[in-house]
Protein chains: 2
Amino acid sequence: MNTPAAVDTKRAAGLPRKGRIRQEHEAGILRAAERVFARAGFSAATMNGIAQEAGLPKSNLHYYFRTKQAIYRAVLTNILQLWLAPTEVIRDDRHPGDALAHYIRAKMKLTAERPDASRVFANEVLHGAPEIGGYLRRELRALVRDKARVIDGWIARGWMRPLDPVHLFFTIWAATQTYADFDAQVCAVLGRRQLTEADFERATEHVVSLVLQGCGVMNGGPGALLAAGSPR
Amino acid sequence: MNTPAAVDTKRAAGLPRKGRIRQEHEAGILRAAERVFARAGFSAATMNGIAQEAGLPKSNLHYYFRTKQAIYRAVLTNILQLWLAPTEVIRDDRHPGDALAHYIRAKMKLTAERPDASRVFANEVLHGAPEIGGYLRRELRALVRDKARVIDGWIARGWMRPLDPVHLFFTIWAATQTYADFDAQVCAVLGRRQLTEADFERATEHVVSLVLQGCGVMNGGPGALLAAGSPR
DNA sequence: GTCTATAGCCGGATAGAC
DNA sequence: GTCTATCCGGCTATAGAC
């Protein structure tokens, strides 16, 4: 929605080209909105709250986006692109120990760096994905089907034990995103006020080693993994 | 809040004993509220919606619970008890392959049978656990500490590989509850309108085998586990 | 204990001056 | 393009008849 491509589409349709100010304000609004939606969810989030977070008067928001829902949709569109990019490393010219470890690390990095994005997405799906349901049924489903075929290839070559690749994705998504979405619970149990970088490193190595060993692959790239799985 | 103990407390404090009608209506309201809060979250849920779901006029709700928040808290209290009960099987007179498999199956059974409870809990934690944060920091944290000690004992006896028991809990919770909380995403990817019993069985065996193998234990009780590792 | 009517507030959206 | 003032609908909560 904010990409050059989208701008060109609008221009082709005869709408005015976006000025620099407009682009900057729209981006600022979306950043603010992501924070507010993450904290409050869609309905408890207020235009006032977003406006304050963005440092603009409320009615200015309505100038750039017609409705609150339009802002929400734009935020989700940004997130979806971010979310699926890491799957790129899952390709059948790679070894699963390498590819899966990279994938999990990339997902966990996103979780650590963009927790608000994760929470907005979680909230949307938790309430039935009213806005992005179609996207999930089309693009996400097709993507998972492709990647599942790659994993089936690895299994056929004996590089990992037989398992259901689709459920493997569910588990990886859940295990990584829980550190953003359920942050409050994780902090409560760990006795932290907020998660440190060290916490995230520990969490990452935990998930990587559990999943790799769970899949029956144990050479996870540059050494780091074996530390966790050595005995036994 | 609805237990006999709570009633007695109130009586001791001089408040009127709960009549049968009152108990039934309160229970009906809480059941309805769980569904509505699960679908909409706290703020988008309306007293009107809960009243309709419960088959009562709106103002009747205010007779039994002073505020919407009071209903919400009562719903959460019920859920918390439900949620922690399955940890009971994690005791050091059991073998991890047995105990962990039972625990995961119990959690997944709850997820399948009480998805709304899971979603209300998820929504609460996702938004920073404003109501149950104290409970999580005290009771949940203490419980996890105890159970982590049990798992450390299993590791010391060589019954499973060394890993961080606390993060293991995070992973198990995430991997099981995702089938309720992210139900919309799971359905979209699987191409289902809603998850069948067979889907849940498959998911359960997937999580059990991934976690047990990931923990380096492979004798999971009465045989059932090994089936999951067979070809698809 | 139940229900109707309504008070009172809040938030999204808009009109229109600058 | 920006901002103030305001409308309007919907929500929680309560008052008070039955």
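Here is how names work: the chains are called A, B, and so on, in the same order as the sequence lines, proteins then strands, and each is numbered from 1.
In this view, B/Arg149 satisfies the side chain to side chain donor-acceptor pair (under 3.5 Å) rule with no residue, not counting sequence neighbours. Looking at residues two or more places apart in sequence or on another chain, you find no salt bridge (Lys or Arg N to Asp or Glu O under 4.0 Å) involving B/Glu139. Taking A/Glu34 as the reference, A/Arg114 meet the salt bridge (Lys or Arg N to Asp or Glu O under 4.0 Å) condition, with sequence neighbours excluded. Every residue meeting the side chain to side chain donor-acceptor pair (under 3.5 Å) condition with B/Arg91, not counting sequence neighbours, appears here in chain and number order: B/Asp93. For B/Arg31, the salt bridge (Lys or Arg N to Asp or Glu O under 4.0 Å) test picks out no residue, with sequence neighbours left out. For B/Arg137, there are no side chain to side chain donor-acceptor pair (under 3.5 Å) partners, not counting sequence neighbours. Looking at residues two or more places apart in sequence or on another chain, you find no salt bridge (Lys or Arg N to Asp or Glu O under 4.0 Å) involving B/Arg193. Applying the side chain to side chain donor-acceptor pair (under 3.5 Å) rule to A/Ser118 yields the partners A/Asp181; only residues at least two apart in sequence or on another chain are considered.
For DNA chain C, the contact window with chain B, defined by any atom under 4.0 Å from a protein heavy atom, covers C/dG1 to C/dT4 in 5' to 3' order.
Residue pairs meeting the side chain to side chain donor-acceptor pair (under 3.5 Å) criterion with at least one member in residues 40-52 of chain B, sequence neighbours excluded: A/Ser43-B/Ser43.
In this structure a side-chain-to-backbone donor-acceptor pair under 3.5 Å is present from B/Lys68 to B/Phe42.
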Between the protein and nucleotides 10-12 of chain D, are there any N/O to N/O pairs under 3.5 Å, and if so, what are the atom names and distances?
{"from": "D/dT12", "atom 1": "OP1", "to": "B/Ala45", "atom 2": "O", "distance (Å)": "3.3"}
{"from": "D/dT12", "atom 1": "OP1", "to": "B/Met47", "atom 2": "N", "distance (Å)": "3.1"}
{"from": "D/dT12", "atom 1": "OP1", "to": "B/Lys68", "atom 2": "NZ", "distance (Å)": "3.4"}
{"from": "D/dT12", "atom 1": "OP2", "to": "B/Met47", "atom 2": "N", "distance (Å)": "3.1"}

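For the helix from C/dG1-D/dC18 to C/dC18-D/dG1, the angle separating the two terminal helix axes comes to 10°, with each axis derived from five pairs and the value rounded to 10°.
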